[in-house]
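A, B, ... follow the sequence lines: proteins, then strands. Residue 1 opens every chain. Here the structure is a predicted model, which means the values were calculated and not measured.
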Number of protein chains: 2
Amino acid sequence: MKMTTKGRYGLRAMVELARYYEKEEFISLKSISQKQGIPENYLERLLAKLRKASLVETHRGTQGGYRISRSPEEINVYDILFAVGEAIYLVECTNNKSLCHMQDYCPSNVVWSKMAQQIEDVAKKTYLDELI
Amino acid sequence: MKMTTKGRYGLRAMVELARYYEKEEFISLKSISQKQGIPENYLERLLAKLRKASLVETHRGTQGGYRISRSPEEINVYDILFAVGEAIYLVECTNNKSLCHMQDYCPSNVVWSKMAQQIEDVAKKTYLDELI
DNA sequence: CCTATACCCAATTGAATTAGTAGGGAATTA
DNA sequence: TAATTCCCTACTAATTCAATTGGGTATAGG
Ligand code: FES
Ligand code: FES
């Protein structure tokens with residue numbers, strides 16, 4: 001039961017960007033990738049998703065880069081996980097009932113769903129400004 | 001972020017066994033594996049771990065099999081996950097600080113730890129008797 | 001206008017972990 | 001003594017995740 005790099009790297013990148021919110025300057029991919037020790041091209045794809053979700057904005061060319069597009073107070077961890085495509089369920093059955101071995105009611109699923117719900121709650125309650 | 005089959009199968013097997021607690025009879029591996037749709041040889045390994053953790057007891061030969069060794073009221077989901085070796089942390093860093101990219105303090109880790117704690121709480125609060 | 005910068009994007013490969021299989025052994029009962 | 005059923009280790013297959021490759025396009029500055 002582990003978070004994938006999508007979620008891990010995604011949050012770390014956003015925390016990094018959130019630090020520069022006030023300055024309004026763009027931070028290059030290279031800079032983020034070096035500071036956070038994340039492969040450049042891999043991180044690039046995550047930032048692309050974050051951009052499509054309007055959590056960051058970009059600017060090309062010299063002095064270009066990425067910056068957070070809203071105040072850190074308005075972005076929570078759930079937004080980030082959702083944007084990068086980190087799934088928040090613990091067993092497939094929770095999402096896709098047809099995959100479940102028990103057709104009608106699965107006792108185990110009660111537990112897995114409850115856990116997933118808790119995770120989601122933490123993610124939704126935690127905003128970026130609390131992390132910097 | 002998914003639970004592995006260790007946890008999934010493990011809990012399902014235990015729920016199955018818990019149903020027969022009153023009868024005190026042994027249930028064969030074959031029977032559990034068929035009812036739950038879990039590969040026999042794979043499940044066997046999980047049951048071996050559950051036995052080593054004293055959550056189930058076994059008997060060989062004809063009419064032999066597995067049975068739960070304590071009342072379902074006394075076994076919680078955490079016991080089971082721990083026994084089968086399902087890790088309850090979401091990022092490696094939470095367990096092994098030396099793997100963490102940020103030496104002293106990692107903002108992200110605050111979130112991952114909190115989530116893991118929630119999962120652990122649910123696991124510890126949920127007893128088998130509530131699931132049957 | 002031209003060049004360096006830096007984001008943009010798809011496809012592929014590589015690595016790691018997980019899931020499942022195979023097969024021989026030992027205890028118990030009828 | 002034969003059938004049953006747990007016991008145990010090693011191996012293989014499958015899947016998923018992580019990372020790389022390599023080319024493209026917009027922008028700014030000289
Ligand atoms: S078999 Fe699907 S959650 Fe139980
Ligand atoms: S890098 Fe280890 S939890 Fe942040």
Touch class at under 4.0 angstrom, heavy-atom based, for A/Tyr66 against every strand present = sugar-phosphate
Please determine if B/Glu40 and B/Lys30 form a salt bridge, counting it only when a charged side-chain N lies under 4.0 Å from a carboxylate O.
-> no
Hey, are A/Lys124 and A/Glu120 close enough for a salt bridge, meaning a charged N less than 4.0 Å from a carboxylate O?
-> yes
Sugar-phosphate, base or nothing in reach of A/Ile27, heavy atoms under 4.0 Å = sugar-phosphate
OP1 or OP2 of D/dC8 under 4.0 Å from side-chain N/O of B/Arg51 = yes
Just compare D/dT4, D/dA18, C/dT21 and give me whichever is closest to any side-chain atom of A/Tyr42.
-> D/dA18
Does the base of C/dC9 carry an N or O that pairs as donor and acceptor with the side chain of A/Glu44 under 3.5 Å?
-> yes
Any side-chain heavy atom of A/Phe26 sitting closer than 4.5 Å to one from A/Ser28?
-> no
Can you tell which of C/dG20, C/dC9, D/dC6 lies closest to the side chain of B/Pro39?
-> C/dG20
Atom CG of A/Leu46 to atom P of C/dC8: distance rounded to whole Å?
-> 13 Å
Answer with yes or no whether the side chains of B/Asp129 and B/Ser71 bring together a donor and an acceptor at under 3.5 Å.
-> no
Among D/dA18, D/dA3, D/dA19, which nucleotide sits nearest the side chain of A/Arg8?
-> D/dA18
Could you state the CD1-C1' distance from A/Ile38 to D/dC17, rounded to the nearest angstrom?
-> 15 Å
For the side chain of A/Arg60, starting at C-beta, report the closest nucleotide among D/dT27, D/dA19, D/dC17.
-> D/dT27
If you check the B/Tyr9 side chain, which of C/dT21, C/dG20, D/dA28 turns out closest?
-> C/dG20
Can a side chain N or O of B/Thr58 be found less than 4.0 Å away from OP1 or OP2 on D/dC7?
-> yes
Determine the contact category for A/Thr62: base if any of its heavy atoms lies under 4.0 Å from a base atom, sugar-phosphate if only primed atoms, P, OP1 or OP2 are that close, otherwise nothing.
-> base
Decide yes or no on ring-ring contact (aromatic ring centres under 6.0 Å, His included) for A/Tyr42 and A/Tyr9, but give the supporting numbers first.
-> CA-CA 9 Å; A/Tyr42 188 73; A/Tyr9 292 172; 5.7 Å; yes
Nearest whole angstrom, please: distance from the C1' of D/dC7 to the NE2 of B/His59.
-> 14 Å
Figure out the CG/P separation between B/Asn41 and D/dC8, and round it to whole Å.
-> 14 Å
Given D/dA18, D/dC7, C/dT21, the nucleotide with the shortest approach to the side chain of A/Thr5 = D/dA18
Using a 4.0 Å heavy-atom cut-off across all strands, classify B/Arg45 as base, sugar-phosphate, or nothing.
-> base
The residue, A/Gln63 or A/Thr4, whose nearest nucleotide of DNA chain D is more 5′ is A/Thr4
